[in-house]
Amino acid sequence: MKIGIIGSGGVGGTLGTRWAEGGHSVTFSSRRPDSPEMTELVAKAGPNAKAAPVTEAVANSEVVLLATPWPTTLSAVSAAGSMEGKVLIDATNPLLPDFSALEFGTTTSGGEQVAARAPGASVVKAFNTVGFNVMADPAFGERRASLFYCGDDPKAKQVVHQLAEELGFDPHDAGSLTQARTLEPFAFLWISLALVQGYGREMAFDLIRR
Ligand SMILES: NC(=O)c1ccc[n+]([C@@H]2O[C@H](COP(=O)([O-])OP(=O)(O)OC[C@H]3O[C@@H](n4cnc5c(N)ncnc54)[C@H](OP(=O)(O)O)[C@@H]3O)[C@@H](O)[C@H]2O)c1
């Protein structure tokens with residue numbers, strides 16, 4: 001697939017590199033597509049990867065990954081050009097700048113705010129509940145990290161399910177996009193355990209069933 005990345009840091013850089021290594025055609029973008037960091041990232045990601053300005057990365061892609069810090073996210077979406085007909089994967093978390101809490105509670109979510117600024121796009125909230133180090137390698141011995149996603153378009157969710165499975169995740173459909181109201185606080189639980197409670201970043205959630 002043709003995948004455009006808006007925000008090529010820890011999350012965008014890791015997912016984009018893995019998808020490029022897996023054979024997808026990946027265009028990384030940031031506000032500085034010509035920066036030395038972007039040149040290094042493209043070289044590391046290999047021949048299926050390139051860098052471009054945001055609007056070009058979006059226009060040339062079927063799937064767009066949004067991986068920007070929350071304070072710049074909504075303006076980044078508005079400046080990205082039309083995303084009509086595209087699958088827009090929202091990996092962001094609406095964290096306050098000091099990371100102490102989320103900007104939204106239970107009546108809306110970052111995912112819904114993103115969707116409101118991307119008319120015609122099929123928004124799927126995904127990859128926000130695991131650290132970028134887990135995206136690099138979702139295997140924990142015999143077990144795989146669970147990856148929860150939500151959205152309103154079944155076909156778009158199938159695309160995301162496949163992209164997550166290719167990376168080695170155990171993906172689970174959590175329901176409609178309003179479930180971003182639970183997936184974003186769920187990500188905050190990961191952040192609290194990993195970075196405040198001392199579990200460290202090498203952890204992920206695994207769904208057990210019987
Ligand atoms: N870190 C994690 O483990 C993790 C896990 C799950 C979800 N998340 C969420 O994912 C998002 C990204 O996190 P991250 O850790 O990958 O951040 P990061 O390492 O700081 O990378 C952010 C990237 O976004 C780019 N950027 C910033 N503003 C932009 C704009 N307006 N337009 C285009 N690109 C822009 C930055 O490059 P320039 O400054 O050069 O533009 C940079 O490449 C956040 O919302 C975070 O909460 C993070």
Side-chain angles (χ1 to χ4, degrees), residues 4-19 26-42 44-45 49 51-59 61 64-81 83 88-104 109-114 117-118 123-138 145-150 160 163-164 167 169 171 180 183-196 199-205:
I5 311 282
I6 307 177
S8 304
V11 172
T14 302
L15 289 176
T17 297
R18 293 211 58 213
W19 284 326
V26 172
T27 307
F28 292 105
S29 74
S30 75
R31 291 169 296 189
R32 300 172 301 129
D34 300 323
S35 67
E37 293 85 0
M38 292 289 275
T39 306
E40 194 181 322
L41 176 61
V42 168
K44 183 177 165 235
V54 173
T55 49
E56 195 179 317
V58 167
S61 300
V64 176
L65 173 75
L66 182 61
T68 45
W70 182 252
T72 68
T73 291
L74 297 181
S75 59
V77 173
S78 297
M83 295 203 231
L88 175 56
I89 305 175
D90 173 22
T92 68
N93 282 308
L95 291 163
L96 295 178
D98 66 359
F99 286 26
S100 63
L102 295 170
E103 188 172 322
F104 304 114
S109 62
E112 290 161 274
Q113 301 290 313
V114 164
R117 282 162 181 78
V123 177
V124 180
K125 187 96 207 176
F127 299 104
N128 68 309
T129 57
V130 288
F132 68 83
N133 55 305
V134 178
M135 299 172 197
D137 179 10
S146 292
L147 196 281
F148 300 98
Y149 59 86
C150 65
V160 174
L163 287 171
L167 299 181
F169 280 106
L183 295 191
E184 290 164 7
F186 191 53
F188 197 58
L189 176 62
W190 186 94
I191 293 166
S192 300
L193 291 172
L195 306 180
V196 181
Y199 284 63
R201 297 187 63 91
E202 295 305 324
M203 58 155 274
F205 299 112

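In listed order, ligands and their atoms are each counted from 1. The basis for the numbers below is simple: all heavy atoms, side chains too, and nothing from hydrogens, waters or symmetry mates. Throughout, residue positions are numbered sequentially from 1 according to the sequence presented.
- Closer than 4.0 angstrom to ligand 1 by heavy atom are I6, G7, S8, G9, G10, V11, S30, R31, R32, V54, A67, T68, P69, W70, T72, A76, A91, T92, N93, L95, F127, N128, V130, G131, F132, M135, R201, sorted by chain and number.
- Qualifying side chain to side chain contact (heavy atoms under 4.5 Å, CB included) partners for S29, counting only residues two or more places apart in sequence or in other chains: I6, V54, A57.
- With ring centers used as reference points, F127 lies 6.0 Å or more from F132.
- With hydrogens and angles left out, the side-chain atoms of N133 and E202 include a donor and acceptor closer than 3.5 Å.
- The side chain to side chain contact (heavy atoms under 4.5 Å, CB included) search around A45 returns T17, A20, F28, A49, not counting sequence neighbours.
- Among residues at least two apart or in separate chains, salt bridge (charged side-chain N to carboxylate O under 4.0 Å, His left out) pairs with a member in residues 26-37 are R32-E37.
- The one candidate from V42, L65, I5, L15 that meets the side chain to side chain contact (heavy atoms under 4.5 Å, CB included) condition with V26 is I5.
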